There are 2 protein chains.
Amino acid sequence: MAKQAVGIKDVAKAAGVSVGTVSNTFNRPQSVAPQTRERINAVVQRLGYVRSESARQLRSGSSRIIALLVLDMGNPFFVDVARGAERAARAAGLGVMVCNTAQSPAEEAEYIELFIEQRVRGVLVTPADPSGRTLAPLRRQGIPHVMVDRLAEESQGCSVSVDDVAGGALAAGHLLAQGHRRIAYVSGPQHLQQIKDRRTGALQAIAAAGLPAETLTEIPTRHLDIAGGRDAAARLLGLPERPTAVFCANDLLAMGLQQALFAAGVKVPDEMAVVGYDDIDFASATAVPLTSVRQPSADMGRLAAELLLQEVSADDETETEHEHRHVILQPELVVRASSMYRVR
Amino acid sequence: MAKQAVGIKDVAKAAGVSVGTVSNTFNRPQSVAPQTRERINAVVQRLGYVRSESARQLRSGSSRIIALLVLDMGNPFFVDVARGAERAARAAGLGVMVCNTAQSPAEEAEYIELFIEQRVRGVLVTPADPSGRTLAPLRRQGIPHVMVDRLAEESQGCSVSVDDVAGGALAAGHLLAQGHRRIAYVSGPQHLQQIKDRRTGALQAIAAAGLPAETLTEIPTRHLDIAGGRDAAARLLGLPERPTAVFCANDLLAMGLQQALFAAGVKVPDEMAVVGYDDIDFASATAVPLTSVRQPSADMGRLAAELLLQEVSADDETETEHEHRHVILQPELVVRASSMYRVR
DNA sequence: CGACGGTATTGAATCGTTTCATCTGACTCG
DNA sequence: CGAGTCAGATGAAACGATTCAATACCGTCG
């Protein structure tokens, strides 16, 4: 029952021209006589002909798609990044394929392989593997890639990242300024650079305030999600000297934590101030709106895509040698109720 | 600088065999002598050869990718659907390309065109256009498609949906059982079938309780998101006879609404009971956990993908004629604090 | 020894485009 | 009238894989 696919030859025959002319109507309309063009377009319409991308890319060597590999599709932060990237890519006539590594280097490697098979035009990636080894095949194939939310090492390619050290310092600095002297840092998987940098930033702020490093107590979690936040709350409340403030490595953790605190009857912010990270939409929708470190997520996606497109076109005209660039954006603290002491 | 792509011919030459043999090593290894196979694999490894998908699909006529078109990537409900679909597809060796229509029929049509160009194996779609007209090109090209979260009309193809009428009835019935007699329905764009069905269900429950239709006051919103919920709250509180309970067409609305109520000092659930829809993870993470109608989102994605795969293989062996199937899943009410009257 | 069977390999045809060198007329100009 | 120009159209080669009929080789059996 499936219709037989109609190809460019069928169109050519029906319009009484050669395949070359049909192809030209699509790719350089100005070189085809107007009336021929119209006749062909009419036939295309009538037969419902659609170009086969696979045939085009076979000829051109690479597809019109860029891939985006994110750590967690369930985190709205990455959804925002994806949106930014998608907009930029579509403006350039490219499609975006978004895939989720769930922070697993193995998944990451698998997807990279898939992308190479697809001969994607380029790859945007928030790396799950800190070594960057999973990206080696891309380099080998000469496929441009840009790291997102991660500063690339020298010669590893372009990157767009946010200064996580500064972000950590902002969060901790804010809590210190509110008078807190025992602060918990709810972190995540230690192999993620972001986690480490945010801690570093927090410690810097503490040192700058002339306080000892012990001011910060780290509470690691296995997963950067809401459930992880709930778990962390239990451990937080079980600490011998209970902190009066907590800085969470992302908003999902903060939300889970905040809920568990509420359930345990611990008042936010009076008994426990909370600061999150990412400033996702949901963060401002909690009953006690969450103070959070905002990352310019959509911008990051957009910039990364633009950098990638630049690199792609530099590859084309081999004359201009491409210089890897590293864009570092600055985070911003958004203060809301969850970290403001009641006026006393 | 970009490495020259290595093709199957290079491998064949380097291994001293014909291209056919190399191809066979990949596609029917058992028909190649073990030692030849090993030699070829070694060469593949050494040269870093990767099959070109475009060439394969050109030959086979369709790609190894299925597309998933969702209404709103920012809604975790659809992320769950995507996860379910992705798992099923990858189990069958297919990739999934997820795209976001943002509820715009125009975007939907554009993406459909893209999918046809890509000759995707099949399409899963949560339709933004109620007429189903945007799907016509798919039918024309004989590309299998399954509607997700929407009951397809006869002969429009397979579908996997959740009984939204039942869901609406569950929500309203629950509120009625709690003694509420003035209920608001915060709805969304009227062209979405889900919105209409949930209202229908609510009205059925009201009728079943022997109450007048006026028991339900509809508050429409433009967008099914958190901001829409905040807006709705203002209108809700401005109503002449303020309802004592509100049923929101999805959880995002409910979250925005709940926050605005909190800010306005309206106690949930004492002064206003709230019920949402979808039961997204975030819904249970609010300070006052949200009562919500749970949809088996991941199951829906999985089932839809499975139905699609079935249809795909039925198309292959043209012997078995494919019968369109319609799976209707049942929603489930998850009662949490936001709708439970304090014990009086 | 010749016919046969089975396994492993070959190489040409094919998929649907794009590209480019070539061709065709029509028109202009000296 | 012949040469030159130019817009438009042509058709074959190429892209990189898969597939399949044909072949080569080897051992076995009658």
Side-chain angles (χ1 to χ4, degrees), chain A residues 2-41 43-44 47-64 114 116-121 141-142 316, chain B residues 2-41 43-44 47-64 93 116-121 141-142 316:
Chain A
K3 316 285 194 303
Q4 192 48 43
V6 7
I8 201 174
K9 277 193 285 226
D10 305 296
V11 175
K13 197 176 303 174
V17 295
S18 75
V19 293
T21 305
V22 178
S23 177
N24 281 337
T25 15
F26 287 118
N27 303 312
R28 345 135 133 60
Q30 78 291 356
S31 84
V32 176
Q35 61 168 8
T36 314
R37 210 188 308 156
E38 268 177 49
R39 184 155 38 98
I40 291 175
N41 282 330
V43 173
V44 166
L47 300 186
Y49 165 75
V50 181
R51 299 223 278 304
S52 154
E53 257 301 304
S54 26
R56 307 189 70 191
Q57 40 182 90
L58 172 57
R59 193 81 231 288
S60 70
S62 94
S63 80
R64 307 186 58 70
L114 178 69
I116 296 178
E117 284 184 2
Q118 303 278 348
R119 301 290 192 270
V120 298
R121 200 64 144 269
Q141 302 284 340
D316 288 353
Chain B
K3 316 284 194 304
Q4 192 48 42
V6 8
I8 200 173
K9 276 192 285 227
D10 305 295
V11 175
K13 195 176 304 174
V17 296
S18 76
V19 293
T21 305
V22 178
S23 177
N24 282 336
T25 347
F26 287 117
N27 303 312
R28 347 131 126 68
Q30 78 291 355
S31 85
V32 176
Q35 61 169 8
T36 313
R37 210 188 307 155
E38 267 177 50
R39 184 154 40 99
I40 291 175
N41 282 330
V43 173
V44 166
L47 300 186
Y49 165 76
V50 181
R51 300 222 278 304
S52 155
E53 256 302 302
S54 24
R56 308 188 67 191
Q57 38 181 93
L58 173 57
R59 193 80 230 289
S60 71
S62 94
S63 79
R64 306 185 57 71
I116 296 178
E117 285 185 0
Q118 302 278 350
R119 302 287 193 272
V120 298
R121 198 67 143 267
Q141 301 284 339
D316 287 354

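Note that the structure is a prediction, hence the values are computed from the model and not measured. Computation of the quantities below employed the complete heavy-atom set of this structure, encompassing side-chain atoms and omitting hydrogens, waters and symmetry-equivalent molecules. In the text below, chain A, chain B and the rest are named by the order of the sequence lines, each starting its count at 1.
Of the candidates D/dA17, D/dG8, C/dG16, C/dG16 carries the atom nearest the A/L58 side chain, counting heavy atoms from C-beta on. Relative to the side chain of B/R51, the nucleotides D/dA17, D/dT19, C/dT18 differ in distance, and D/dA17 lies closest. You'll find that the side chain of A/T21 is closest to D/dT10, out of D/dT10, D/dA17, C/dT17. For A/T36, whose side chain is taken as the heavy atoms from C-beta onward, the closest listed nucleotide among D/dA9, D/dT18, C/dT18 is D/dA9. Ranking D/dA17, D/dC20, C/dT10 by closeness to the B/R28 side chain, first place goes to D/dC20. The side chain of B/A55 lies closest to D/dA17, out of C/dT18, D/dA17, C/dA8. Set against C/dT18, C/dT9, D/dA17, the side chain of B/I8 has D/dA17 as its closest nucleotide. Side-chain atoms of B/S18 lie closest to C/dT10 of the nucleotides D/dG11, C/dT10, C/dC15. Candidate nucleotides C/dT9, C/dT18, D/dT10 were compared by shortest atom distance to the side chain of B/A33, and C/dT9 ranks first.
Of the possible donor and acceptor atoms, none in the side chain of B/R37 sits under 3.5 Å from a partner among the backbone N and O of B/T25. In this structure a side-chain-to-backbone donor-acceptor pair under 3.5 Å is missing from A/R119 to A/S63.
Each of A/S31 and A/V19 has a nearest nucleotide on DNA chain D; the 5'-most of these lies closest to A/S31. Between B/N24 and A/S52, the residue anchored nearer the 5' end of DNA chain C, judged by the nucleotide with its closest heavy atom, is B/N24. Where B/R119 and B/R39 each meet DNA chain C at their nearest nucleotide, the meeting point lying more 5' is that of B/R39.
With sequence neighbours left out, the side chain to side chain contact (heavy atoms under 4.5 Å, CB included) criterion links A/N27 to A/S23, A/R51, A/R56.
For CD of B/Q35, the number of neighbouring non-hydrogen atoms (other residues, nucleotides, ligands) closer than 6.0 Å is 12 at most.
Within 4.0 Å (heavy atoms only), B/Y49 reaches sugar-phosphate atoms of the nucleic acid but no base atom. Within the nucleic acid shown, B/S54 has no heavy atom closer than 4.0 Å to any nucleic acid atom. Residue A/R59 is classed as a base contact, given a heavy-atom separation below 4.0 Å to a base. Using a 4.0 Å heavy-atom distance criterion, B/G7 is classed as a sugar-phosphate-only contact. Contact annotation for A/R37: no contact, since no heavy-atom pair falls under 4.0 Å across all strands.
Between the C1' atom of D/dT19 and the CZ atom of B/F26 lies a distance of 16 Å, rounded to the nearest Å. The NZ atom of B/K13 sits 16 Å away from the C1' atom of C/dT10 (whole-angstrom rounding). As a whole-Å value, the separation of A/L47 CG from C/dG16 C1' is 15 Å. Per the geometry, NZ belonging to A/K9 stands 6 Å off P belonging to C/dC15, to the nearest Å. We find that CZ of A/R64 is positioned 11 Å from P of C/dT18, with the value rounded to whole Å. Summarising the geometry, the separation between CZ on A/R56 and C1' on C/dT18 is reported as 9 Å, rounded to the nearest angstrom. The interatomic distance linking B/Q57 (CD) with C/dC15 (P) rounds to 16 Å, in whole Å. Atoms CD1 (B/I40) and C1' (C/dT9) sit 10 Å apart, rounded to a whole Å.
Once rounded to the nearest 0.5 Å, the distance linking CD of B/Q118 with OG of A/S54 reads 8.0 Å.
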